[in-house]
Amino acid sequence: MNDSSSYHIPVMGNEVVQWLVTDPYGLYADFTVGGGGHSKLILKQLRETGRLCGIDRDPEAIAEARRTLPDRNELWNIRFSEAESKLFSRFGATFSGVLLDLGVSSHQLDAEARGFSYRSDGPLDFRMSQESGETAAQLLARLSELELKEIFKTLGEDPQAGRIARAVVKARSETTIETTGQLADVIRKSVSATAQKSLPRVFQALRMVVNHELEELSSGLTVAWKFLKPTGRLVVLTYHSLEDRPVKQFMQALVQPPQTFSPLPTAPSPRPQGKYPIRGPLLPTPQEIAENPRSRSAKFRVIEKLV
Ligand SMILES: C[S@@+](CC[C@H](N)C(=O)[O-])C[C@H]1O[C@@H](n2cnc3c(N)ncnc32)[C@H](O)[C@@H]1O
């Protein structure tokens, strides 16, 4: 274990290092630096000129990474969607590897004041950066029953979405829903038999909306790919199907570009821009899952940019 393991234990660290770091003198980007767990493992593989640029939207994560990573590496408190405008003119397509380890860190989940978890009672916040944006409490107070149902259904994939949305609207007409404990109680009462399944689903759905996670993911993949030099690799770790699906589709379209119809029989087919160094997703070993249960749903995907 490394010294930031209490902040977050890096998932599939051996696989990240093995498939991401192909040039020990290269430049690498960790787009989700968190507590710096993966960054530290990457840095261990680098030689003299090898450098790392870390980004995270959470100022607390950047503060932790500044405390634990060597000074010669750059750390930026920005979102994926800001990376191109803030960093492309500085670096261009020079990265040998970019890592995206999606979702929230254990530190974010465990900090009660951040209000991410239904297991503890904290303010209903869910923002990865508490400096801006609407909180989950504000969202729950503002959205209509139909909008809430749609969110619980599409981003939580909860079959009880309608019932829970109705219960939220009824509860908020009696009192403001301000804490994770209050929301958890509303869910438990509305779907008592299946609450253990609905709790993580509804919390995940709200977190995704509050942080615009799918929009951010789409920007993150596009800009990460743009930053890579030819032969550079993009590694993405996902934790549920709603984030894994777009990653898989993004990579597949680069490996096998969709054929466009052309009236000219001689028109060239679009060229692949990437290849898979390994087929299909890698999964954590049973031993890793036993040691770090939060790794259990991880899927690891990697693609290499063609010359
Ligand atoms: C699972 S944690 C990363 C943990 C890290 N790999 C480690 O080993 O310590 C995910 C991190 O990504 C950050 N993050 C999520 N979405 C982001 C986005 N759109 N832009 C920048 N950072 C983001 C979160 O704030 C969180 O710190």
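Reckoned from all heavy atoms, side chains included, excluding hydrogens, waters and symmetry mates. Note that ligands are numbered from 1 as they come in the structure, with each ligand's atoms numbered from 1 the same way.
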*Closest to atom 2 (S) of ligand 1 among Ser105, Ser39, Ala298, Gly35 (heavy-atom distance)*: Ser105
*In terms of atom number and element, which parts of ligand 1 are under 4.0 angstrom from non-hydrogen atoms of Leu102?*
1 (C)
*Does some non-hydrogen atom of Gly36 fall short of 4.0 Å from ligand 1?*
yes
*Compare Asp58, Asp101, Val33 and give the one whose heavy atom is closest to atom 6 (N) of ligand 1.*
Asp101
_Using a 4.0 Å cut-off to any heavy atom of His38, which atoms of ligand 1 qualify?_
6 (N), 7 (C), 8 (O)
_Would you say the rings of Phe203 and Phe116 are close, in the sense that their centroids are separated by under 6.0 Å?_
no
*Apply the test side-chain contact (heavy atoms from CB on, under 4.5 Å) to residues Glu64 and His107: give CA-CA distance (whole Å), side-chain angles for both, the deciding distance (0.1 Å), then the verdict.*
CA-CA 10 Å; Glu64 171 70 8; His107 175 79; over 6 Å; no
_Check ion pair Lys170-Glu174 (N to O, under 4.0 angstrom)_ = yes
*Backbone, side chain, both or neither: what part of Glu216 comes under 4.0 angstrom of ligand 1, heavy atoms only?*
side chain
*Backbone or side chain, does any N or O of Gly37 fall under 3.5 Å from an N or O of ligand 1?*
yes
_Which option wins on minimum heavy-atom distance to atom 10 (C) of ligand 1: Gly103, Pro10, Gly34?_
Gly103
*Run the salt-bridge test on Glu157 and Arg201 with the 4.0 Å N-O cut-off and return the result as yes or no.*
no
_Part of Gln108 with heavy atoms under 4.0 Å of ligand 1, whether side chain, backbone, both or neither_ = side chain
*Nearest heavy atom to atom 24 (C) of ligand 1 wins, so pick from Leu109, Asp56, Thr32.*
Asp56
*Is ligand 1 under 4.0 Å from a heavy atom in the side chain of Val11, in the backbone, in both, or in neither?*
neither
*Does any donor atom in the side chain of Glu147 or Ser144 lie under 3.5 Å from an acceptor atom in the other side chain?*
yes
_Positive for side-chain contact (heavy atoms from CB on, under 4.5 Å) with Met128, one of Arg57, Arg79, Glu60_ = Arg57
_Checking Leu69 against Lys40 for the side-chain contact (heavy atoms from CB on, under 4.5 Å) test, could you report, in this order, the C-alpha distance in whole Å, the side-chain angles of both residues, the deciding distance, and whether it holds?_
CA-CA 7 Å; Leu69 295 179; Lys40 253 177 251 150; 3.7 Å; yes
*Indicate, with yes or no, if Leu155 and Val186 share a hydrophobic cluster defined by side-chain heavy-atom contacts under 4.5 Å among Ile, Leu, Val, Met, Phe, Trp and Tyr.*
yes
*Does any N or O atom in His8 lie less than 3.5 angstrom from one in ligand 1, N or O only?*
no
*Heavy-atom contact under 4.0 Å between Leu99 and ligand 1?*
no
*asked:* I'd like to know whether ligand 1 has His212 as a neighbour, heavy-atom separation below 4.0 Å.
replied: no
*Tell me yes or no: between the side chains of Asp101 and Tyr239, is some donor less than 3.5 Å from an acceptor?*
yes
*Picking from Leu254, Val247, Leu100, Val302, what satisfies side-chain contact (heavy atoms from CB on, under 4.5 Å) with Leu234?*
Leu100
_Residue selection (non-hydrogen contact nearest atom 16 (N) of ligand 1) among Met128, Lys40, Arg294_ = Met128
_Considering both backbone and side-chain atoms of Val104, is one of its nitrogen or oxygen atoms within less than 3.5 Å of a nitrogen or oxygen in ligand 1?_
no
